[in-house]
Number of protein chains: 2
Amino acid sequence: MTRGNRNVDLRHLRYFVAVAEEENIGRAAARLHISQPPLTRQIQQLEEELGVTLFTRTPRGMELTQAGELFLEEARNIRALVEQATERTQRAGQGKLGRLDVGIFGSAILDAIPKLLLAFRNRYPDVKVVLHTMTKAEQIEALRQRRISVGFNRMLAPLADLEIKQVTTETLLLAVPAEHPLAAQPVIHFAELQDHPMVLFPTGARPSFIDKVIGLCTDSGFQPLISQEVGDAVTGVALVAGGFGVCLVPDSATTLQFPGVIYRQLADTPPNFYVDLSCIYRKDDQSPILAAFLDTAERYREETA
Amino acid sequence: MTRGNRNVDLRHLRYFVAVAEEENIGRAAARLHISQPPLTRQIQQLEEELGVTLFTRTPRGMELTQAGELFLEEARNIRALVEQATERTQRAGQGKLGRLDVGIFGSAILDAIPKLLLAFRNRYPDVKVVLHTMTKAEQIEALRQRRISVGFNRMLAPLADLEIKQVTTETLLLAVPAEHPLAAQPVIHFAELQDHPMVLFPTGARPSFIDKVIGLCTDSGFQPLISQEVGDAVTGVALVAGGFGVCLVPDSATTLQFPGVIYRQLADTPPNFYVDLSCIYRKDDQSPILAAFLDTAERYREETA
DNA sequence: TTTGATGATACCTGTAGGGTATTGAGAAGG
DNA sequence: CCTTCTCAATACCCTACAGGTATCATCAAA
C-alpha cells in the first residue's frame with residue numbers, strides 16, 4: 001500500500017472541491033481562474049496519489065463516486081479547519097487570542113488594575129487573563145521563569161532584563177480612626193504625623209512603600225512612630241479601624257470603607273507625596289499579547305493623567 | 001487583512017511541525033531529508049503568508065511563540081485529518097468502507113440472503129448494508145434511480161441496462177397440510193398435483209414463480225387447480241396451514257415451520273424442477289462496493305454449488 | 001579571541017504547475 | 001445519418017518556485 005498522501009496538498013483539495021461542486025471541469029477551472037487542462041491533470045494526479053477513482057467521467061461532466069463523496073466531505077472539513085487555523089493563528093499573532101498571566105500584589109486590585117483589566121478585556125475579549133497574587137520578589141522570579149508575562153507593583157527598582165513602565169500615580173491620603181484626635185481637626189498638616197503612631201506596609205522585599213513613607217518623614221525632619229508593619233494596605237486599614245494608629249495609603253485605598261475609618265487629605269505635604277503603580281515585564285518578550293496589554297496600559301495612563 | 005492562507009500548503013505544515021518539534025532547523029531539515037536553507041525559506045514564507053511570527057530565533061535554535069504553539073496544535077490536527085481522510089477514501093475506493101443498498105423480496109430472506117449478507121459483513125465490516133423490501137418491479141426502478149445498488153429476485157428477465165447474476169438454485173418441495181390426503185402417502189408423484197387445489201405466489205409482475213409452477217404443470221400435461229394467489233411464500237405457507245390446499249415452494253421455505261404444515265419431496269418431477277435466486281445490478285455501476293459484494297456472491301455460489 | 005553552534009542569504013538548477021492548441025468521444029439536432 | 005456541440009484528455013511549451021551548494025552573520029562558550 002503506497003503512502004501516496006505525501007504529495008496530496010491543499011491545492012488538490014481546493015481543486016477537487018471545485019470540480020465536485022461544479023460537476024464540470026471547465027466551469028470549475030473558470031471558478032479557480034485557471035484553464036481546463038491543468039485542472040484535469042491535477043484531478044488525475046490526485047486520483048493517482050490516492051489510488052482511488054473519485055469521479056466517473058460522463059459525457060455531461062464529472063460525477064462523484066461513492067469514495068469521491070466521502071472524500072468531498074473530508075476535503076471540505078479539512079479546508080475549513082485550515083481556514084480556521086490560520087485565522088486563529090493570525091488573531092493570536094495580533095495579540096487578540098491567547099492567554100496573559102499577570103502578577104498582582106495584594107492590594108493593587110483596589111482601583112487601577114480592575115479598570116485596566118476591564119479595558120483590556122473589552123479590546124481583546126478572546127484573551128484569557130489569569131491573575132496571580134504574588135509579592136514583588138515572586139513576580140520578578142515568575143517573570144524570569146516565564147510563568148507570568150507582566151507584573152504590577154509599586155516602587156520597582158530598575159533591573160537589567162526587565163522593563164518597568166509606570167501605569168499611574170496616586171497621591172497619598174491618611175487613614176484615620178474616626179475617634180482619633182486628628183480626625184477632629186479641620187486641617188491636618190503632614191508634620192503632625194510625628195506625634196502619632198503609624199501603621200506601615202508592606203512587609204517583604206525592600207525598597208517598598210514603607211521606605212517611601214519613612215523617606216517622606218525624614219525629609220520633613222522627623223522619625224515616624226511605627227505602630228505595626230503589616231503585609232498590605234487592606235490589613236493596614238483594618239488595623240487603623242482597630243485603633244492601632246494612622247496609616248498613609250494611596251488614594252485608591254478609599255475603596256476600602258471600613259467602619260470607623262475615615263480618609264483625610266493632608267496639608268503642607270512634602271514633594272513626592274505620591275506613589276507610582278507600575279508594570280514590569282521582560283525586555284525580550286515579543287509576545288503580541290503583551291504588546292497589546294502594554295498599549296492598553298499606555299492608553300489608560302494617558303486617559304487618567 | 002490579506003487572505004494569505006491561499007498559498008499555505010500541507011508541505012508548510014509538515015515542515016513547521018518538524019521544526020517546532022526539533023526546535024532546530026538543521027535537525028528538522030535532516031529529518032525531512034532536505035537541506036537547511038530551503039527549510040529556513042519555507043518557514044519564513046509560512047510566517048509571511050500568515051503574517052505571524054511563529055518562532056523566536058535564539059542562538060540555541062527555534063522557539064515557538066504563543067501563536068506558534070497554537071498553530072502547532074492546529075497543524076498536527078490538520079495533518080492527522082488529512083492522513084485519516086486519505087486512508088478512509090482509499091478504503092472506500094477498495095469497497096471496504098461505505099454503504100450498500102440492497103433490494104430484497106418478501107420471502108427471499110429465508111435462507112440464502114442472510115447467509116450471503118453474513119459472509120459479506122464478515123469480509124467488509126465497515127460497509128453498512130441497508131436492506132429494502134420491494135417487489136421485482138420496484139427493484140428495477142430503484143436500481144435505475146440508483147436508490148439501491150443490487151436487488152435479489154427470482155426469474156429475472158434480461159434487461160438492456162441491468163446485469164443478472166445467479167446466486168443459487170433451489171429445488172422445489174410441496175407444502176402439505178398435515179391432514180391432507182397426500183400427506184398420508186409414502187410417495188407423492190408430481191402428476192398427482194392435478195387433483196388438488198394449489199396456492200400460488202407471488203402476485204405482481206409477471207413472469208414470476210407462478211408462471212414457473214403453471215409451466216411445470218402444463219409440461220406434465222395438466223392444468224393446476226388454483227386455490228388462491230397470494231403475495232409471497234410466507235402467506236402461501238400460512239394458507240396451506242389453513243387448509244387452502246398444497247403449495248410448491250423453494251426448499252428454503254422449510255425455514256417456515258407452521259404447525260400443521262409438512263414439506264414433502266416429490267417423485268417423478270419434470271425437468272427444471274428448481275427455481276433460481278439471482279441478483280440484479282446496473283451494468284454501468286463501477287462501485288467497488290458492488291464489485292466486492294458480487295465477488296462475495298460468486299464465492300457463495302461456488303461454495304454452495 | 002577563537003571556535004563552534006545556530007539561522008539567514010546568495011545564487012543556481014530542475015521540476016512541476018500553468019498556459020495554448022488540439023484531439024477524442026459521446027450526446028443532441030437537423 | 002451526418003453534423004455540431006460539449007465534455008474531458010492529450011501534447012507541448014514556459015516559467016515560477018522548491019531544493020541544492022556555498023557562504024555569511026551572530027552569538028555563546030571555551
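Naming: A, B, ... by sequence-line order, numbering from 1 per chain.
- Using a 4.5 Å cut-off on side-chain heavy atoms (C-beta onward), A/Gln145 and A/Glu141 make contact.
- Of the candidates D/dC7, C/dG7, D/dA22, the closest approach to any side-chain atom of B/Pro37 belongs to D/dA22.
- With rounding to whole Å, B/Ile43 atom CD1 is found 14 Å from D/dA18 atom C1'.
- Within the 4.0 angstrom heavy-atom criterion, no nucleotide atom of any strand lies near B/Phe55.
- Using a 4.0 Å heavy-atom cutoff across all strands shown, A/Pro38 reaches at least one base atom of the nucleic acid.
- Rounded to the nearest 0.5 angstrom, A/Arg31 CZ and A/Arg14 CZ are separated by 10.5 Å.
- Mapping B/Arg41 and B/Gln36 onto DNA chain D by nearest heavy atom places B/Arg41 at the nucleotide closer to the 5' end.
- Side-chain proximity of A/Ser35 to the nucleotides D/dG19, C/dA8, C/dT20 is greatest for C/dT20.
- Side-chain N/O atoms of B/Thr40 include one lying less than 4.0 angstrom from OP1 or OP2 on C/dA8.
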> Should B/Asp126 and B/Lys96 be marked as a side chain to side chain contact (heavy atoms under 4.5 Å, CB included) after you check the CA-CA gap, both sets of side-chain angles, and the distance that decides it?
Replying inline: CA-CA 6 Å; B/Asp126 293 334; B/Lys96 290 179 182 164; 6.0 Å; no
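- Note on B/Gln42: only backbone sugar-phosphate atoms sit closer than 4.0 angstrom, heavy atoms only; bases stay farther off.
- Put simply, the side chain of A/Arg11 and the base of C/dG17 share no donor and acceptor less than 3.5 Å apart.
- Residue B/Ile25 has its side chain nearest to C/dA8 when only C/dT6, C/dA8, D/dA8 are considered.
- The residue among B/Thr58 and A/Gln45 whose nearest nucleotide of DNA chain C is located toward the 5' end is B/Thr58.
- Looking at heavy-atom distances under 4.0 Å, B/His12 makes no contact with the nucleic acid at all.
- Rounded to an integer number of Å, the gap from CG of A/Leu39 to P of C/dA16 is 19 Å.
- Separating the CG atom of A/Leu10 from the P atom of C/dG17 is a distance of 14 Å, rounded to the nearest angstrom.
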>> As a quick check of understanding, evaluate ring-ring contact (aromatic ring centres under 6.0 Å, His included) for B/Phe152 and B/Phe105, giving each step before the final call.
In response: CA-CA 7 Å; B/Phe152 281 95; B/Phe105 60 100; 8.4 Å; no
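- As judged by a 4.0 angstrom heavy-atom cut-off over every strand, B/Gln44 is placed among residues touching the sugar-phosphate backbone only.
- In this structure, B/Ser287 contributes its side chain and B/Ile289 its backbone to a donor-acceptor pair below 3.5 Å.
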